[in-house]
Amino acid sequence: MADVIRQQQLGGVRREFAPWTDPAAAPLIRFDAVTKRFGDVAAVDGVSLDIYEREFFALLGPSGCGKTTLMRLLAGFETPDAGRVLLGGEDISAVPPHLRPVNMMFQSYALFPHMSVAANIAFGPKMDGWPRARVDARVGQMLKLVQLDGLGARKPHQLSGGQRQRVALARSLAKSPKVLLLDEPMAALDKKLREETQFELMHIQYELGMTFVIVTHDQEEAMTVADRIGVMDKGRLVQVGTPAEIYEQPNSRYVADFIGDVTLFKGTLEGRDGDVALVRERTSGVLLRALAGMADAAPGATVWIAVRPEKARISPDPLPPDTPNVLSGEVFDIAYLGDLSIYKVRRPDGTFMKASQPNATRLVERPIGWDDKVWLSFAPEAGVLLTR
Amino acid sequence: MATQRNTRLGRLALIGVPALWLTLFVAVPFAIVVRISLSESVIAMPPYEPVFDLSAGFAAFAEALGRLDFDKFVFLTTDPLYLESYLSSIRIAGLSTAIILAVGYPIAYAMARAPKGTQPLLVMLVVLPFWTSFLIRVYAWMGILARDGFLNQALGGLGLISEPLDILSTDTAVMIGIVYSYLPFMVLPLYASLEKMDLSLLEAAADLGCPPWQAFWRITVPLSLPGVVAGCLLVFIPAVGEFVIPDLLGGSDTLMIGKTLWSEFFSNRDWPVASAVAVVLLVALLVPIGIYQHMQARQLEADR
């Protein structure tokens with residue numbers, strides 16, 4: 001949760017930057033109905049996506065969802081079976097990887113083991129035929145950028161995992177590519193180092209003004225670093241949006257469930273009361289109210305209401321009668337996370353609902369304990385109506 | 001206490017068995033060869049003197065020891081035959097090794113890049129010739145390379161040549177035999193080093209602007225260097241001392257140190273000179289082995 005809050009603060013700083021909302025803006029990268037099959041399986045299935053210059057874009061999804069294949073299509077290691085990949089308006093689908101102005105940081109880092117750190121970083125510029133002096137200057141600059149001054153003569157095997165990761169980053173940045181691709185760049189780092197590196201990456205991206213595309217299965221990481229996130233499932237892009245959009249307005253149960261914690265209420269749409277949809281929950285028969293938003297479902301349709309734990313209210317006392325969406329149950333589990341506690345409540349119909357509460361004061365007047373009878377509620381604006 | 005003694009015994013056996021083996025079958029025979037090389041040849045049995053006889057007493061033993069000298073090694077430098085044999089051997093073995101490397105590298109590369117499932121089969125196919133006797137396979141080459149042999153018949157039949165080629169009994173035939181016989185010893189270490197290579201390194205090279213052919217020279221070749229060195233030594237060292245192949249496929253003018261050694265030993269019955277030739281050959285081959293070991297030690301360090 002802490003990362004979400006940080007992201008929102010950062011989002012405030014960068015509020016100006018939203019080229020995807022500008023219909024006149026030309027995308028730097030465009031996937032145009034791209035499909036890539038391996039045997040019978042479509043790893044990427046008709047994906048269309050625009051990524052803009054200076055954007056930090058995250059491809060998010062579980063392993064096997066096609067996010068890495070999509071990135072490899074951009075790097076040139078795979079060629080699409082259908083559709084086109086455009087870079088700066090040019091179709092690069094058939095351009096071999098060594099001729100693309102795109103560089104990639106590999107998950108395994110793929111550092112050349114027989115070359116020194118400096119030689120690894122110099123490899124790309126040398127290949128482009130830079131003069132010697134310029135290459136040397138660039139290597140020094142890159143080593144400084146990733147805080148590895150003085151380690152240029154080392155071989156990769158003489159470095160720690162975190163240092164190797166920095167070398168890989170420096171090497172992929174050395175040619176100042178138009179686009180930097182990062183394939184699970186922090187998968188091998190421990191949590192603390194990963195968080196530090198995430199902020200460093202954002203800083204570097206902002207400083208260099210490059211376009212970054214990151215592939216990750218870690219939703220916190222995606223929310224921390226990215227301007228926009230593309231959530232993938234089984235080769236398809238399920239939703240593309242800013243971290244806040246993805247989190248606050250997921251367009252499907254898949255996205256709501258993949259990003260963060262959520263309670264889903266399954267029910268039948270009974271009708272509308274202005275902007276508010278009325279949903280009869282299947283298991284309990286309770287009438288729930290949630291903002292209808294963009295969801296276009298006819299009465300009688302099966303719908304779901306998604307509620308984030310932090311948007312649900314939990315109380316040890318009965319709630320006032322005019323409170324909307326009141327549910328009750330017994331505390332089944334409590335996860336104490338320090339800054340907040342998450343309560344898993346078992347309802348009389350056997351379903352569970354999650355609610356979290358910040359531990360604002362150290363002495364809670366009346367702490368909620370295991371097996372306590374509690375009342376839960378959420379505002380209609382807190383629930384997201386989902387049709388799939 | 002008992003278990004501690006057992007582990008110590010175990011350790012002793014672990015080091016002791018190979019040490020004993022090496023002593024009995026390497027160090028002692030080599031010592032005997034060195035000792036013969038320091039002797040004088042005589043027409044007797046054994047065909048050299050002095051003969052050490054401990055029963056004759058210590059004084060006689062010491063006197064015999066004093067009669068050992070380096071005359072035969074000096075003799076090797078006076079007759080150009082020996083130097084020419086060494087040089088010719090090194091030339092033939094070196095050329096053959098170069099050809100084997102050129103032929104073996106693409107084979108090993110193709111094997112290492114073949115689908116994982118078929119690789120064991122390919123390795124087996126490379127080793128398959130070993131199921132037939134080495135001698136028989138070299139004899140088979142005599143049938144192929146002879147004037148009226150298979151090769152000449154095939155080429156003549158195709159109208160490619162009007163006169164049969166004289167390949168058998170030349171240095172060329174010897175090299176063909178060596179290339180054929182030693183190819184697996186090059187392919188296997190090369191395959192081992194190419195197979196363990198991380199292919200994402202080639203992707204990284206391509207990503208950084210390196211075309212495939214350059215990536216081969218800049219990434220694949222340097223990383224397979226340990227395999228190249230191992231393969232070359234495995235081929236070059238035995239090829240230098242090769243006797244059977246030059247004897248069967250070479251001509252009377254084919255000079256190789258193995259043949260020279262054989263004729264000193266069996267035709268001239270000059271055991272001391274034959275032993276001296278063997279000792280010089282061994283010492284000369286220790287140099288590339290030393291280089292190899294040095295490189296291996298460096299590789300081990302790099303892997304850590």
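Scope of the values below: all heavy atoms of this structure, side chains included, with no hydrogens, waters or symmetry mates. Throughout, a chain's letter reflects where its sequence line sits, starting with A, and its residues are numbered from 1.
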Inset, instruction - Can you tell which part of A:F106 gets under 4.5 Å to a heavy atom of chain B, answering side chain, backbone, both or neither? - result: side chain
Legend entry - Ring center gap for B:F185 and B:F130 short of 6.0 angstrom: yes
Legend entry - B:A215 versus chain A, the contacting section by heavy-atom distance below 4.5 Å: neither
Inset, instruction - Check whether the side chains of B:S200 and B:D198 place a donor and an acceptor atom closer than 3.5 Å, and report yes or no. - result: yes
Inset, instruction - Under 4.5 Å, counting heavy-atom pairs only, tell me which of B:P222, B:A206, B:P212 racks up the most with chain A. - result: B:A206
Inset, instruction - Assign the ring pair B:Y109 / B:F216 to parallel, tilted or perpendicular, where the plane angle (0 to 90°) is split at 30° and 60°. - result: perpendicular
Legend entry - Stepwise salt bridge (Lys or Arg N to Asp or Glu O under 4.0 Å) test for B:E195 and B:K116: CA-CA 10 Å; B:E195 190 264 339; B:K116 279 270 170 267; 3.5 Å; yes
Legend entry - Side chains of A:K234 and A:C65 in contact at under 4.5 Å (non-hydrogen atoms): no
Inset, instruction - Would you mind reporting whether A:H98 and B:C210 have side-chain heavy atoms less than 4.5 Å apart? - result: no
Legend entry - Interface moiety of A:M115 toward chain B, non-hydrogen atoms closer than 4.5 Å: side chain
Legend entry - Neighbourhood of chain B inside residues 138-148 of chain A, taking heavy atoms under 4.5 Å as contact: none
Legend entry - Donor-acceptor pair, side chain of A:S48 and main chain of A:A33, under 3.5 angstrom: yes
Inset, instruction - Ignoring hydrogens and angles, tell me if any N or O in the side chain of A:R171 forms a donor-acceptor pair with the backbone of A:Y109 under 3.5 Å. - result: yes
Inset, instruction - Working to the nearest 0.5 Å, report the span between CG of B:L281 and OH of B:Y82. - result: 14.0 Å
Inset, instruction - Under 4.5 Å heavy-atom distance to chain B, tell me which part of A:K175 shows up: side chain, backbone, both or neither. - result: side chain
Inset, instruction - Measure distances from A:L111 to the heavy atoms of chain B and classify the residue's part below 4.5 Å as side chain, backbone, both or neither. - result: backbone
Inset, instruction - Heavy atoms only, distances under 4.5 angstrom: which of B:I219, B:L225, B:L208 has the most pairs with chain A? Name it, please. - result: B:L208
